[in-house]
Undergrad: 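Let me give you the structure first, and then I'll get to my questions.
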Amino acid sequence: MPQSFTSAFDFFSPAMWPLWACSITLLTLIIEKLKSLQASRILDPDLTEKIFESIKDLDIKDAEGIAERSDTLIGKAWAQGLHEFSLGGISLHNALTEASELALKPLKKYLSAIATIGVISPLLGLLGTIIGMIITFSHISAATGGSADKAALAGGISMALFTTAAGLIIAIPAIISGRYFSSKIIHYAEFVEADINKANYLYNHSLSKQKAKIDEKDHS
């Protein structure tokens with residue numbers, strides 16, 4: 001059997017099928033996460049500044065309307081949070097925080113699946129390695145007169161090497177991409193938290209100034 005054909009056979013052998021499934025699944029999940037975690041889908045700094053201006057003027061309805069017109073995840077979340085705040089019974093900080101946390105939570109979807117692939121791929125590769133070595137040693141033990149079939153021995157060793165390499169090749173990008181996506185979500189959460197704190201500060205500061213003016217008029 002030609003060497004190139006043997007290599008191709010090992011590449012698509014039954015021992016490689018689980019690893020192929022892992023690689024295809026991983027690629028699909030990475031593409032999905034790259035799309036869902038695009039900054040333009042999550043945040044709109046220009047829109048946030050407009051909301052800040054309305055909050056600074058204590059015009060919560062206008063801020064809610066601006067947020068509702070946004071196509072971003074946080075924009076829609078803030079529209080809900082501002083609406084809840086306008087109904088009363090909850091602080092602006094808590095309303096925006098709860099709405100933002102609910103909006104960001106789905107971004108973690110599939111991260112556990114990516115992490116799982118990163119863990120099981122080397123194990124599947126190791127399993128293929130063990131099977132390949134079992135095949136190799138079984139041919140050696142079955143050989144008579146020390147004349148083991150070299151092609152059969154090569155096939156077992158080749159299976160062991162292919163599955164080991166494939167398991168590592170899949171696991172490395174799975175681990176890297178999983179950590180990258182996790183850090184990206186954390187970055188978004190920190191960015192949103194800073195914006196919430198700013199919005200809360202602007203509102204309370206403007207409210208204090210308004211009360212101070214009213215008290216000044218009452219005393220004059």
Side-chain angles (χ1 to χ4, degrees), residues 26 28-118 173-220:
L26 177 63
T28 303
L29 295 179
I30 288 176
I31 292 173
E32 192 282 333
K33 296 310 297 179
L34 287 173
K35 290 181 179 179
S36 64
L37 291 178
Q38 288 179 359
S40 59
R41 294 189 175 199
I42 311 297
L43 304 167
D44 185 351
D46 293 335
L47 179 102
T48 306
E49 289 299 326
K50 293 178 182 178
I51 294 175
F52 286 157
E53 289 299 319
S54 295
I55 290 176
K56 188 177 179 181
D57 295 335
L58 301 178
D59 193 345
I60 301 301
K61 282 296 180 183
D62 184 61
E64 181 184 342
I66 294 172
E68 284 180 346
R69 292 192 291 271
S70 172
D71 294 327
T72 63
L73 189 70
I74 296 302
K76 296 297 183 184
W78 277 32
Q80 180 64 33
L82 290 167
H83 179 70
E84 292 293 330
F85 172 67
S86 66
L87 296 177
I90 188 172
S91 67
L92 178 62
H93 185 276
N94 289 341
L96 293 180
T97 298
E98 291 178 7
S100 299
E101 286 178 351
L102 287 174
L104 291 173
K105 190 174 181 179
L107 295 181
K108 298 178 181 179
K109 188 178 181 181
Y110 301 131
L111 288 184
S112 60
I114 293 175
T116 301
I117 291 174
I175 294 171
I176 293 174
S177 61
R179 293 189 176 184
Y180 169 74
F181 293 138
S182 296
S183 65
K184 204 171 181 67
I185 293 172
I186 292 172
H187 170 74
Y188 286 141
E190 291 175 346
F191 194 89
V192 172
E193 183 181 5
D195 281 346
I196 291 173
N197 290 335
K198 183 177 179 180
N200 188 62
Y201 169 78
L202 290 173
Y203 177 78
N204 289 327
H205 183 68
S206 297
L207 193 63
S208 297
K209 288 175 65 176
Q210 185 185 69
K211 289 180 179 178
K213 288 180 179 179
I214 294 174
D215 291 340
E216 186 179 348
K217 287 181 179 180
D218 292 338
H219 288 299
S220 60

Undergrad: Please report the shortest heavy-atom distance between Leu96 and Ser100, naming the atom on each side.
TA: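 Closest approach of Leu96 to Ser100, heavy atoms only: O-OG, 2.7 Å.
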Undergrad: To the closest 0.5 Å, what do you measure between CG (Leu92) and CG (Leu207)?
TA: 10.5 Å
Undergrad: Checking Ala99 now: which residues fulfil side chain to side chain contact (heavy atoms under 4.5 Å, CB included) with it, not counting sequence neighbours?
TA: Ala77
Undergrad: Listing request: all side chain to side chain donor-acceptor pair (under 3.5 Å) pairs with a residue in residues 38-55, at least two apart in sequence or in separate chains.
TA: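 Counting only pairs at least two positions apart or across chains, the side chain to side chain donor-acceptor pair (under 3.5 Å) contacts touching residues 38-55 are Ser54-Asp62.
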Undergrad: Test: salt bridge (Lys or Arg N to Asp or Glu O under 4.0 Å). Region: residues 67-76. Which pairs qualify, not counting sequence neighbours?
TA: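 Output for this query is empty, none listed.
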Undergrad: Just how far is it from atom CD1 of Ile186 to atom CG of Leu107, taken to the nearest 0.5 Å?
TA: 12.0 Å
Undergrad: Looking at Leu104, Ile42, Leu111, which one forms a side chain to side chain contact (heavy atoms under 4.5 Å, CB included) with Ile185?
TA: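 Per the side chain to side chain contact (heavy atoms under 4.5 Å, CB included) rule, the option paired with Ile185 is Leu111, out of Leu104, Ile42, Leu111.
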Undergrad: What closest approach, in Å, do Gly81 and Ala95 show between heavy atoms, and which atom pair accounts for it?
TA: O-CB, 3.3 Å
Undergrad: With salt bridge (Lys or Arg N to Asp or Glu O under 4.0 Å) as the rule and sequence neighbours excluded, what pairs involving residues 83-104 come up?
TA: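 Listed once each, the pairs would be none.
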Undergrad: What are the two closest non-hydrogen atoms of Gly75 and Thr72, and how far apart are they?
TA: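 Taking every non-hydrogen atom into account, N-OG1, 3.1 Å.
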Undergrad: Lys33 side chain to Lys109 main-chain N or O, any donor-acceptor pair under 3.5 Å?
TA: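 Yes, because the side chain of Lys33 sits within donor-acceptor range (under 3.5 Å) of the backbone of Lys109.
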Undergrad: Mind listing the side-chain donor-acceptor pairs of residues 194-203 below 3.5 Å, one per line with the distance, residues two or more places apart or on another chain?
TA:
{"unit_1": "Asn197", "atom_1": "OD1", "unit_2": "His93", "atom_2": "NE2", "d": "3.1"}
{"unit_1": "Asn197", "atom_1": "ND2", "unit_2": "Glu193", "atom_2": "O", "d": "3.3"}
{"unit_1": "Asn200", "atom_1": "OD1", "unit_2": "Asn204", "atom_2": "ND2", "d": "3.4"}

Undergrad: Sequence neighbours excluded and cut-off under 3.5 Å, please list the side-chain donor-acceptor pairs for residues 173-182, or say none.
TA:
{"unit_1": "Ser177", "atom_1": "OG", "unit_2": "Pro173", "atom_2": "O", "d": "2.7"}
{"unit_1": "Ser177", "atom_1": "OG", "unit_2": "Ala174", "atom_2": "O", "d": "3.1"}
{"unit_1": "Ser182", "atom_1": "OG", "unit_2": "Gly178", "atom_2": "O", "d": "2.9"}

Undergrad: For Ser86, enumerate each residue passing the side chain to side chain contact (heavy atoms under 4.5 Å, CB included) test, keeping only those at least two apart in sequence or located in another chain.
TA: Ile60, Lys61, Glu64, His83
Undergrad: Which atom pair, heavy atoms only, marks the closest approach of Val192 to Trp78?
TA: CG1-NE1, 4.2 Å
Undergrad: How long is the gap from CG on Leu47 to CZ on Phe52, to the nearest 0.5 Å?
TA: 10.0 Å
Undergrad: So, taking the atom named CG in Leu34 and the one named NZ in Lys184, what distance separates them when rounded to the nearest 0.5 Å?
TA: 8.5 Å
